[in-house]
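Please read the structure below before turning to the comments.
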Number of protein chains: 2
Amino acid sequence: MATIYQVSELAKVSLATVSRVMNGSSRVSDKTREKVQAAMKELGYRPNIIAQSLASNRSLCVGMLVSEIHGPFFGQMMSGVESELRAAGKHVIIAAGHSDEAKEKEGIEFLISRHCDAIILHVEAVSDEYLIELSQGEVPIILVSRYVEQLAEQCISLDNEYGGYLATKTMIEHGHREIAYVAGPQTKADAVARLKGHKRALAEHQLTISEDLIFEAEFKEHGGMLALEHFLKLNNNFTALVCANDEMASGAMSYARSHGLHLPDDLSIIGFDNVVFASHLYPKLSTIENPVHQMGQMAARIVLQQVYHVQQEEIQHQFEPMLINRDSIADLT
Amino acid sequence: MATIYQVSELAKVSLATVSRVMNGSSRVSDKTREKVQAAMKELGYRPNIIAQSLASNRSLCVGMLVSEIHGPFFGQMMSGVESELRAAGKHVIIAAGHSDEAKEKEGIEFLISRHCDAIILHVEAVSDEYLIELSQGEVPIILVSRYVEQLAEQCISLDNEYGGYLATKTMIEHGHREIAYVAGPQTKADAVARLKGHKRALAEHQLTISEDLIFEAEFKEHGGMLALEHFLKLNNNFTALVCANDEMASGAMSYARSHGLHLPDDLSIIGFDNVVFASHLYPKLSTIENPVHQMGQMAARIVLQQVYHVQQEEIQHQFEPMLINRDSIADLT
DNA sequence: TTGTAAGCGTTATCAT
DNA sequence: ATGATAACGCTTACAA
């Protein structure tokens, strides 16, 4: 592999000059630039990124920590980050945090030890205080799908409250009045906000908020099954079920079917996130789109802007959920 | 950040000695080792991985190219690679190839330019010749889910022929005799092998192989729909449909239902891959497990063994598919 | 067993 | 505009 030194010899200039034409920073006369470029081409010169990193103290790489590397949600996010960053010549190192505080911290440490120029984080277990302290450190962090007030400029989040509102409002507009709600763990900010939106939609339409029609469960298939079992036992005459995510919705659908309910005629269901399998379900699940891919892209752009000083057009910190209407809601009007 | 130099000062030894205790390679007396370790702890010393890379000409990182970063299939694979490698202190750089020859090559170039110590590849568009040539180069490559004879030691693959055989044999054992088969694009080796297995199962059970019961389509939902439409038009009395992957199976299920077929009573369906959403479908899809996660892990182990010389127990190059029996096959016996 | 010193391939600060 | 030259933080012969 040719080095900068060999290029400088062939072009009969100094190392410094070659470095200059590479970075395009300082001014170099057109003649010398051409000489150098010719020499580079002739030698098939490719800069050694590691040497660059050592000398410049920038690794040209950004770390990304997600809860799980598999899973539709994170896939979309990583995909958004990677495409944007690679187009800019940076590379991304991935690590998993497994929604566990110790593992998340360990993952972050790992990424820092790799000298990432920035770290994009999707963390669930770690506290706001930890993140604030982390942000004081050397390496810039960007938070995806999480809002920490003191770190607003570093956050990209979804308006979960509006999403929850939208889901329930959709049911109401389809003529539903008795609406059961499967909430996610109220320890998670997203879950809390979505539930809040649900209640706002109810209130806005003068519907009473009954605690008997709210059930808290894990963001998993099983959670949806438990919830529907619970509601069915209470024997409320609900016609619609709003689920705080698609997995729960899928679980509820299985459970409903195995208990003789015809979907969507006997029960309308809506999910949240619009993960890939939502459209594979039967009936195809109506849901609230969570634009994770775009949020990943935006995280990458913020890094480009803030860390690499590449001007970006329209940085957006908050994203709006959107209704995806498929076949799981019966129209009662 | 403390450097090796400061550690050496504090411990009153030379740089070289500090380096030695870090790498644990050459012999160092217990006393000095302890002195050095104490100094490292006191200074909170963390080696600079970039400097290590430059000096040792190893980056301690491995590249991974997948077709798409999202998608259940690749998620599982990356997840397997990451967990195994991080446990060994290496990090992984991801890149997407988008099943396009130019983009795959570009991705590989990118990874090479990043000085990866090895590259794990899931490529679809690039030719065997290209891969063979690539393998002559500086950086070792591992191929996942692809078999190239000349590169056998670098390949990890699934016995797709057996998988196809297993799928059809399962249908036969459930009493089906008229079995339609939706094949993947016969330009892809996996698709060819799976179809071959299907035919073998038929032959072994003295069933005739009718070309009217074979349809080639894209590995997508839509492909499954087209296939079923085709078969239905021909009006064969088939009772079972074997699909070369789960997405096709999902499409076929949608189509079947929208044409009044009751599943699985009117039509039994089996898929291939066992992606996440297979268990979310209705009826839950019986399918052939494709152990991508394990294959990813194994790829990582091969790298650990061949590149980093960390002894691994049982390296396995070929994986066996397995039947996952759920609810989409009716028993005719 | 330990130390000395020459790289590794750049960037960046000075001069010129 | 260009050139010397000192970092950057570590590994690794080679010596001692």
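We name chains A, B, ... by the order of the sequence lines, and we start the count at 1 in each one.
Residues satisfying the salt bridge (Lys or Arg N to Asp or Glu O under 4.0 Å) test with A:Asp190, not counting sequence neighbours, are none. For A:Arg46, the side-chain hydrogen bond (donor to acceptor under 3.5 Å, both in side chains) partners are B:Glu109, not counting sequence neighbours. The salt bridge (Lys or Arg N to Asp or Glu O under 4.0 Å) test applied to A:Asp159 returns no partner, not counting sequence neighbours. With sequence neighbours left out, B:Lys188 forms a salt bridge (Lys or Arg N to Asp or Glu O under 4.0 Å) with B:Glu124. Scored by the side-chain hydrogen bond (donor to acceptor under 3.5 Å, both in side chains) test, B:Glu101 finds B:Lys105 as partners (sequence neighbours excluded).
Taking atom CD of B:Glu34 as the reference point, atom P of C:dT2 lies 12 Å away to the nearest angstrom. In this structure, B:Glu9 atom CD and D:dG9 atom C1' are separated by 14 Å, rounded to whole Å. We find that NZ of A:Lys31 is positioned 14 Å from C1' of D:dT2, with the value rounded to whole Å.
When the side-chain nitrogen and oxygen atoms of B:Thr17 are compared with OP1 and OP2 of C:dG3, one or more of them lie within a distance under 4.0 Å.
For residues 68-95 of chain B, every residue pair satisfying the side chain to side chain donor-acceptor pair (under 3.5 Å) rule, not counting sequence neighbours, is listed here: A:His70-B:Ser79, A:Ser79-B:His70, A:Arg114-B:His91, B:Glu68-B:His98, B:Glu82-B:Arg86, B:Glu84-B:Arg301. Under the side chain to side chain donor-acceptor pair (under 3.5 Å) criterion, the residue pairs touching residues 134-147 of chain B are B:Asp128-B:Arg146, with sequence neighbours excluded.
Considering CG of B:Leu131 and CG of B:Leu151, their distance stands at 7.0 Å, rounded to 0.5 Å.
Each end of the helix from C:dT1-D:dA16 to C:dT16-D:dA1 gets its own axis from five base pairs, and the two axes differ in direction by 30°, given to 10 degrees.
As judged by a 4.0 angstrom heavy-atom cut-off over every strand, B:Ser53 is placed among residues making no nucleic acid contact.
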Would you list the protein and nucleotides 9-16 of chain C atom pairs, both N or O, that sit under 3.5 Å from each other?
residue	atom	partner	partner atom	Å
C:dT10	OP1	A:Tyr45	OH	2.8
C:dT10	OP1	A:Asn48	N	3.0
C:dT10	OP2	A:Ile4	N	2.6
C:dT10	O5'	A:Tyr45	OH	3.2
C:dT11	OP1	A:Asn23	OD1	3.3
C:dT11	OP1	A:Gln52	NE2	3.3
C:dT11	OP2	A:Ser19	OG	2.6

